[in-house]
Amino acid sequence: MTSPAQIWSYLSQEPLLWLTMTLIAYAIGDWCFRISDRQSWVNPVLIAMILLGLLLEVTGTDYATYFEGAQFVHFMLGPATVCLGLPLYENLDRVRKAAAPLAAALVAGSVTAIVSVLMIAKFFDLGPVMMASLAPKSTTAPVAIGISESLGGEPTITAALVILTGIFGAIIVTPLLNLLGVRDWRARGFSVGVAAHGIGTARAFQVNETAGAFASMGMGMNAVLTAIIAPLILSLFS
Amino acid sequence: MIPALALILCFQLFGEMVSRGLGLPLPGPVIGLVVLIVAGMLRPGIIDFLRPAARGLLSHLSLFFVPAGVGIVAHLRLFSHNALGITAALTLSTILAIAVGAVTFSVVANLLGNKADD
């Protein structure tokens, strides 16, 4: 008979265990979100991250081993990003009609995101590597990592900052825009797509289909704009 | 389901080839997104073919961020060292960016009489 320790030493090195745990942790997070009556502060990604972080800590598993299993889920980010073209396509007429406010909100939101994060980082004296890693924090993870590397940032820190930004944006967007009295779903979705990329976009889809389509648009457009302007803005701070 | 998924991966693959081949700052999936829209404009039937698989993936979009998110655990020490500065930078900047973006959109839309249609 195989001892539990032997089974564990086998399972803990196989992708199956951490793939399963990732799906279970997310299912728990999603269940919490549903029973909370879909409150924005009950974020399924955040809950799953905390559960998995604790589990890795308790079992003494390092992140590389975890990622062996979780990479199958991580891989799906790519095809899912391609699929964001679908709601965009279905709302193409409305996007065209809103071209002027879209362009204005893109430039205003994108510049605000970069300039404000760098001003605060400078104030707290976070250093050049952290500033380069923070500059693209509002863009979707693969773009942000590319931008950060070209600016002298650290890719893994950038990925973490991008995800934290997305979760915070997804949590704050509903109460913030209710407070400001912005009722236009296009404005609500687009601004969270620009400021909080895919996680903000996922939140927008939970609330309203139009908001989701405009959020995908904001995410995609800001990825392009940030790649162009982040190096210019960062050079003003060094 | 599987043919639709294969086509979605083809869009991404094409996007990766364009991105790397031309040295563009845009990642492959974002170019794949644009290719999907262009393909839909040329042949609307493609969209109906992709819709069920694409909707399925999109309904679990936030799940796909979990593995990268867990990576934060690996940086907890660095983050706790600069906790106040990083927290202030991320939260204030995100609040400002959402507020400025949403208000700019609304103001410009109102000025131009560009009403929401729902």
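Since we're looking at a predicted model, the values are computed, not measured. Throughout, a chain's letter reflects where its sequence line sits, starting with A, and its residues are numbered from 1.
- In this structure, the side chains of A:Lys137 and B:Thr94 come closer than 4.5 Å at one or more pairs of heavy atoms.
- Scanning both residues, A:Ala80 and B:Leu57, for their nearest heavy atoms gives N-CD1, 4.3 Å.
- Within the 4.5 Å cutoff, side-chain heavy atoms of B:Leu63 are placed close to those of A:Leu23.
- Taking B:Leu84, B:Thr104, B:Leu61, B:Ile47 one by one and counting their heavy-atom pairs under 4.5 Å with chain A, the maximum is reached by B:Ile47.
- Interface remark: A:Thr165 contributes backbone and side-chain atoms alike to the contact with chain B (heavy atom separation under 4.5 Å).
- A:Phe124 places none of its side-chain heavy atoms less than 4.5 Å from the side chain of B:Asn82.
- Taking OG1 of A:Thr81 as the start and CZ of B:Phe64 as the end, the distance is 9.5 Å to the nearest 0.5 Å.
- For B:Ile98, the parts lying under 4.5 angstrom from a heavy atom of chain A are both the backbone and the side chain.
- Between B:Leu58 and A:Cys83 the shortest heavy-atom distance is CD1-O, 3.5 Å.
- For chain B, the option among A:Ala100, A:Gly69, A:Gly198, A:Gly53 with the highest count of heavy-atom pairs below 4.5 Å is A:Gly198.
- Taking the six-membered ring where the residue is Trp, A:Phe190 and B:Phe105 present tilted rings, their angle falling between 30° and 60°.
- Heavy atoms of B:Leu96 lying under 4.5 Å from chain A belong to its backbone as well as its side chain.
- Only the side chain of A:Leu176 comes within contact range of chain B, judged by heavy atoms closer than 4.5 Å.
- Interface check for chain A: of the options B:Gly28, B:Ala53, B:Ala54, the most heavy-atom pairs under 4.5 Å are formed by B:Ala54.
- In this structure, chain B has a heavy atom under 4.5 Å from the side chain of A:Leu56, while its backbone stays farther away.
- For A:Phe123, the CZ atom is loosely surrounded, since the number of other residues' heavy atoms within 6.0 Å does not exceed 12.
- Contacts of A:Met119 with chain B are absent, with no heavy-atom separation under 4.5 Å from either backbone or side chain.
- Among the candidates A:Ile199, A:Leu102, A:Ile172, A:Thr201, the residue making the largest number of heavy-atom pairs closer than 4.5 Å to chain B is A:Ile199.
- Counting all heavy atoms, side chain and backbone alike, A:Phe168 lies closest to B:Leu90 at CD2-O, 4.4 Å.
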So A:Phe205 and B:Ser59, side chain to side chain contact (heavy atoms under 4.5 Å, CB included) or not? Walk me through it.
CA-CA 8 Å; A:Phe205 272 115; B:Ser59 63; over 6 Å; no
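- For a residue to count as touching a neighbouring chain, one of its non-hydrogen atoms must lie under 4.5 Å from one of that chain's; by this rule A:Leu77 touches chain B with backbone and side chain alike.
- For A:Ile157, the parts lying near chain B are the backbone and the side chain together; criterion is any non-hydrogen pair under 4.5 Å.
- Here the shortest heavy-atom pairing between B:Ser93 and A:Ser116 reads OG-OG, 3.0 Å.
- Interatomic distance, CD1 of B:Ile72 versus CD1 of A:Ile50, reported as 10.0 Å (0.5 Å rounding).
- Here the side chains of B:Val70 and A:Phe67 are not in contact, with every heavy-atom distance at 4.5 Å or above.
- Your options are A:Ala27, A:Ser216, A:Ala70, A:Ala25, and the one with the most heavy-atom pairs under 4.5 Å with chain B is A:Ala70.
- In the displayed structure, A:Tyr63 atom OH is contacted under 6.0 Å by more than 12 heavy atoms of other residues, nucleotides or ligands.
- Between A:Tyr66 and B:Pro67 the shortest side-chain heavy-atom distance falls below 4.5 Å.
- Inter-residue side-chain proximity for A:Tyr26 and B:Ser62 is flagged as met; some heavy-atom pair is nearer than 4.5 Å.
- The stretch residues 65-90 of chain A participates, sequence neighbours left out, in these salt bridge (Lys or Arg N to Asp or Glu O under 4.0 Å) pairs: A:Glu90-B:Arg51, A:Glu90-B:Arg55.
- Side-chain contact between B:Leu50 and A:Leu86 is absent, with no heavy-atom pair separated by less than 4.5 Å.
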Could you go through the side chain to side chain contact (heavy atoms under 4.5 Å, CB included) check for A:Tyr89 and B:Met41 one step at a time?
CA-CA 8 Å; A:Tyr89 172 84; B:Met41 288 167 147; 4.3 Å; yes
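- Contact tally against chain B (heavy-atom pairs below 4.5 Å) for A:Ala121, A:Ala98, A:Gly220: the top residue is A:Ala98.
- The candidate with the highest count of non-hydrogen atom pairs below 4.5 Å against chain B, out of A:Ala104, A:Ser138, A:Ser150, is A:Ala104.
- When all heavy atoms are compared, the tightest approach of A:Leu177 to B:Ala102 is CD2-CB, 3.6 Å.
- Neither the backbone nor the side chain of A:Val194 comes within less than 4.5 Å of any heavy atom of chain B.
- Looking only at heavy-atom pairs under 4.5 Å with chain B, the residue among A:Pro79, A:Gly189, A:Gly166 that has the most is A:Pro79.
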Does A:Leu161 form a side chain to side chain contact (heavy atoms under 4.5 Å, CB included) with B:Ile86? I'd like the steps, not just the answer.
CA-CA 9 Å; A:Leu161 294 169; B:Ile86 293 173; 3.8 Å; yes
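- Contacts between A:Ala159 and chain B at a heavy-atom distance below 4.5 Å are absent for every atom of the residue.
- Listed by first and then second residue, the salt bridge (Lys or Arg N to Asp or Glu O under 4.0 Å) pairs involving residues 96-111 of chain B amount to none (not counting sequence neighbours).
- Of all non-hydrogen atoms in A:Ile120 and B:Gly85, the two that sit nearest each other are CG2-O, 4.4 Å.
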Begin from the C-alpha positions of B:Val66 and A:Val73 and carry the test side chain to side chain contact (heavy atoms under 4.5 Å, CB included) through to its verdict.
CA-CA 8 Å; B:Val66 171; A:Val73 175; 5.6 Å; no
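- Distance CE/A:Met130 to CZ/B:Phe79: 5.5 Å, rounded to 0.5 Å.
- With a 4.5 Å cut-off on non-hydrogen atoms, B:Leu36 touches chain A through its side chain but not through its backbone.
- In this structure, chain B has a heavy atom under 4.5 Å from the side chain of A:Leu92, while its backbone stays farther away.
- Interface remark: A:Glu209 contributes side-chain atoms only to the contact with chain B (heavy atom separation under 4.5 Å).
- Most heavy-atom pairs under 4.5 Å with chain A: of the set B:Gly71, B:Gly32, B:Gly56, this distinction falls to B:Gly71.
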